[in-house]
Structure formats: C-alpha cells, structure tokens
Amino acid sequence: MSSKGLIKRSEDFSKWYNELVSKADLAEHSDVRGCMIIKPYGYAIWEKIKDQLDQMFKETGHQNAYFPLFIPKSYLSKEANHVDGFAKECAVVTHYRLKNAEDGSGVVVDPDAKLDEELIVRPTSETIIWNTYKKWIQSYRDLPILVNQWANVVRWEMRTRLFLRTSEFLWQEGHTAHSTKIEAVEETEKMLNVYAQFLEQFMAIPVIKGVKTENERFAGAEETYCIEALMQDGKALQAGTSHFLGQNFAKAFDVTFADKNGIQNHVWATSWGVSTRLMGALIMTHSDDKGLVLPPKLAPLQVVIVPIYKNSTQLEEISNYVNELKQELLKMGVSVKFDNDDNKKPGWKFAEYEMKGVPLRIAIGPRDMENKTVELSRRDNFNKTTISQNGLASKISNLLIQIQNDLLDHANSFLNENTYFASTIEEMNKILNSKGGFVEAFWNGESKTEQKIKELTKATIRCIPLEESNTGKCIFTGQANSKKVLFARAY
RNA sequence: CGGGGUGUAGCGUAGCCCGGUUAUCGCGCCUCGUUUGGGACGAGGAGGUCGCAAGUUCGAAUCUUGCCACCCCGACCA
C-alpha cells in the first residue's frame, strides 16, 4: 500500500528511484546489509523476464541445470585472473554448526565445527562448473555442452542499491563448452544478440552492443561482449554480458577432449549472464514522475478496469458488462483485473495503478453504460479516449501492442538524442556535466589513456561498439588511427 | 572500506541543543454512517522495545560510548 506521490526525477533522480521501488511495491531492504526482499509485484515482473529469456535460451539449444551454492575455496584460485577479480568480495563459510552459548546469551559458532576446507558462496560459477565439465567431457562427441542455470550469487558489495547492485542477486548464468574457438566465439555473439533482442523486443530498451576494454573485462575472459543501455539521468547501465573465455578455464581445470584424429585439445568456453539488475534498467528507462511504466509484454497486469458508480444497481450493471469483457480479454491472452473494491475511490485507484505501471486503464461509469462506451487511458503517455464498447477486446489487444512499440520508439529517440561526439576532453566534460549521455570519441587503445580520461571526466569506456566505424585522432593523446569508442558515466 | 548525514506506530514527522507526568501531528489501519467521472467526509477506536546494547543519573527519546542499518560523496564492482 503506497502513500502519495514521488519526488520529481528532475529534483533528485536517485531519491526518485528509491521511492519508486518502494511505492510501486517492487522491493525493500532486508535487515541484512545490502540484501533485498523482492516483493510479489516486483518478483512477478522478474518472472516475466525470466520466463521469456528461458524460452529464448531453450530455442537456441540450451538446457537448464543446477550447480551448488558453495564452492571449495581452492577452486576459485585455479584461474589466476578470476581469483584476482572476485577474491575481494567473497562470502566465506568456515563452520557448519552453532551451539548454545555457555552464558546463555544465545547461539554461538561452535569452534569444534570448523570446516577443513572453507567454502565460498558463489560469486559466479565458472570454477565449480568447469571442475564438473572435466568429468563430462572426453571426446568431441561430448561437445558442445550448452547449459544454463538460474541461481542466486553473492558479491560482498560496499555500496548497494536495490536491484542495481545488491550483495545477493538473482541471475542466470550460461556456461558452454566447445571444440573450436570459432564455435565458442559464435556462441558468445549469439547470446549477446539474444540479450539485445530481448531487451529491445520485450523490455523496450534499446542497447548498444560492443566489447569491453581490457580494464572492464570479466575476470578470466579473453573477450567480454556487453549490451549497454542509457538511463533517463544520462548514466549508462551495463545490462548484460557475454564472455568468450578462450581456453583459460579448460587449462585451469585441465579439461581436454579427443578430436576426430584422437589428439587431445583444451576445450573452448563461454559464459553469459543477466541479473535482477534488469529490473533497475526497466525502471530507469521508462518510468516517470507518477511512478512505474511497464511495457505490456512484461506487465504482470496489463489492463485494470475501474468502475464508477453511485449505487449498487449501477455497480451491478457495470459488473455484468465487465465480466463479459474480462472473459474475452483473458481468451486473447490479456491479463486483466476488475477492481471493484468499494473502499477506494476511483481517483485513488487511478493513482495507485499509475504508480504500479499498469499499461492500460479502463474506467466505466453510468454515462458510459448509457452511451455504450468506456474511457481508455494509457499509462505511457496519459492519452485518454472514450471509445465504443463494440469490438473493445481486440482494440485493447492492439493498443497494448501499440504501447509496446511506442515505448521502444520513445526510448530509441532518447538514446539518439543523448548520444554525442566529442573531440576534446573539454567537450566531453561539458556534455557529461550538463545532461550526461553516451559520448563517442576516439581512443588509442591503451589502458593508460583510458585511465587518464577516467580521472579527468569520471567517464569510463562502456564499450567498443561492434558496428564498423571509422578511425580518428585519440581524444587524449591525439594519436591518429584511433578507434571510436563509447564513453559514459555509469552505474 | 574512508568522509558526511539519518534512524521516534505500516509510512512521513514534532520533541533532542537545555533530561522531569500519560511521546506530537498528518497519512494509513479497524467500526459505523454518508459517499464514488482524478488520491472523499464525519464520529468513534486500535496501534510505540523512541534502531540495538551498555553507561551517567533519583529519573534518558533527550547526555556518553560501542554496535547495526539506510541515504549522499569517494575508492571498488554487474
């Protein structure tokens, strides 16, 4: 149950985000630092995301499996870069038993129950999975392995935000094994495209596809592909990553296969993931000062019907009509709720469903019953129209498609309008300090240069876009033949 | 993990500096009635370990210390 209004985005975007997450009933903080409770309404959206992605993974030949939460500490250290990247943020299990304190003050860790080998709570599962794949793979006939898992992972974060960065989060992680480098790279790119397609077609979020620089690469990867989205406050958000892992994990875990000639080779690997962070992307892409805005394809509730009446006779008449309409809509696969709660006035309901981002609202009163009309109101642009009850269900169904498309168009325009080019550091700072956005610029490919630019602008290279682009003079060193990359301040 | 801020009923808050009956107000909640085309109104009612723990004191929401959580800014990261 949410109380009135949100702070305006223009006043305090960060506060707006926090209030929205809370008032739209998406999530709340738990008593454990950095951990979140995803509430039923928020989880319903995540389930939509999950179900659709799961279907897309299966359509591309993947199967789900489940690997354990706990990973022996020794596994993590087998791949040098990997351990460097994750060691600082791992939760560690050291004991397996509690006992009553002798002074009666409660339970304490039983010092006699110390684990011989400590377990880490997975920050990601490459190590335990590759330790397993070693047993699964003997010959090229065992390849490829195309496995995904839906899981929770823990990374001990210093600074957290609901959905955007929490110590525990939900995600999926795909882990594949291939006999050739080409096939593994293809898989990495294929899954990046699946993500991009999902974000655009279902979340109505346009993304830039690219690869990360060495600095930003996943710990243990040869190449990290990513999709980057632009939020309404002009900051970039990494929405998904797909890694070409080369033979790094195969070598670390000694995973080899016999090829057709009987020669032993190391296996080629990929991994790819998206997380509950997508919820943050969804919120910060479409929502407005009235609350959440959901694309119809991800809305747990697509249509809400609010009756307006003065007495029970009127309500009954309206109900009779609405129940028929509801059946028709449900048959068309449209999710719909008739909110006939007598304790809340229509105005209250309007505001409430706006906060929760229900894409389409229908209001029906005695006037409508008389004229055989209803009032349709769109959440995304607040357009209100009074239309005939004739053929209403299919009009609604079409309108939902229209809303889905309009949200993507709108987000696309925003992305285009907020992508700039800068040829000097001053220009870049000017852009970033005024409204933010993506800034294209040339970069000479050196980490040192990237670091310097970061110090001067607080912007990082979000990606080197996959699209072919021309070369030019490095924004920092002036070096010719530098490649075009995308800078932004980022979440 | 460093610097700053905050924590009082489900939510938002007054009181704290300067310790002293029964902890303020609004929203929400419950009951009854009237209402219902953009967050209704009246009457009555319930709801509190003042973040947690020690300490100072005759007496602590108020003072001291420690801890926990959240928010903002850094460093780090999806």
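Chain letters run A, B, ... following the sequence lines, proteins first and then strands; every chain starts at 1. Only a predicted model underlies this, so the values are computations on that prediction, with no experimental measurement involved.
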Paired with B:C41: which nucleotide, if any, by Watson-Crick or G-U wobble criteria at under 3.5 Å for both distances?
B:G33

Base, sugar-phosphate, or nothing: which does [X] touch, judged by heavy atoms less than 4.0 Å apart?
X	result
A:Leu164	base
A:Gln238	sugar-phosphate
A:Gly34	sugar-phosphate
A:Glu354	base
A:Pro366	base

What's the [atom1]-[atom2] distance between [X] and [N], to the nearest Å?
X	N	atom1	atom2	value
A:Met158	B:C72	CE	P	17 Å
A:Ile37	B:G10	CD1	P	15 Å
A:Met355	B:G39	CE	C1'	10 Å

If I pick the [atom1] atom on [M] and the same atom on [N], what distance separates them, to the nearest angstrom?
N	M	atom1	result
B:C30	B:C72	C1'	39 Å
B:G7	B:A53	C1'	16 Å
B:G28	B:C71	P	27 Å
B:G39	B:C77	C1'	41 Å
B:G19	B:U62	P	12 Å

Check this one for me: any side-chain N or O of [X] less than 4.0 Å away from OP1 or OP2 of [N]?
X	N	value
A:Ser14	B:C72	yes
A:Arg155	B:C77	no
A:Lys344	B:A40	no
A:Lys88	B:A75	no

So, for [X] and [Y], is the gap between ring centers shorter than 6.0 Å?
X	Y	answer
A:His175	A:Tyr133	no
A:Trp171	A:Phe169	yes
A:His62	A:Trp272	yes

Side chain of [X] only, please: which of [options] is the nearest?
X	options	answer
A:Arg159	B:G38, B:C73, B:U36	B:C73
A:Trp348	B:G39, B:C71, B:U36	B:G39
A:Arg161	B:G37, B:A69, B:C72	B:C72
A:Lys458	B:G74, B:C71, B:C1	B:G74

With hydrogens left out and only the distance checked, is there a donor-acceptor pair under 3.5 Å joining A:Lys384's side chain and the base of B:G38?
yes

Indicate yes or no: at least one non-hydrogen side-chain atom of A:Gln172 is less than 4.5 angstrom from one of A:Asn64.
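A side-chain contact under 4.5 Å is absent here.
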
Distance (rounded to the nearest 0.5 Å) between A:Lys235 NZ and A:Arg489 CZ
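It comes to 9.5 Å.
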
Assess, by modelled atom type and distance only, whether the side chains of A:Gln201 and A:Lys297 contain a donor and an acceptor separated by less than 3.5 Å.
no

Between A:Thr224 and A:His243, a side-chain donor and acceptor under 3.5 Å:
yes

For RNA chain B, find the residues of residues 166-176 of chain A with a heavy-atom distance under 4.0 Å and give them by number; none if there aren't any.
A:Thr166, A:Phe169

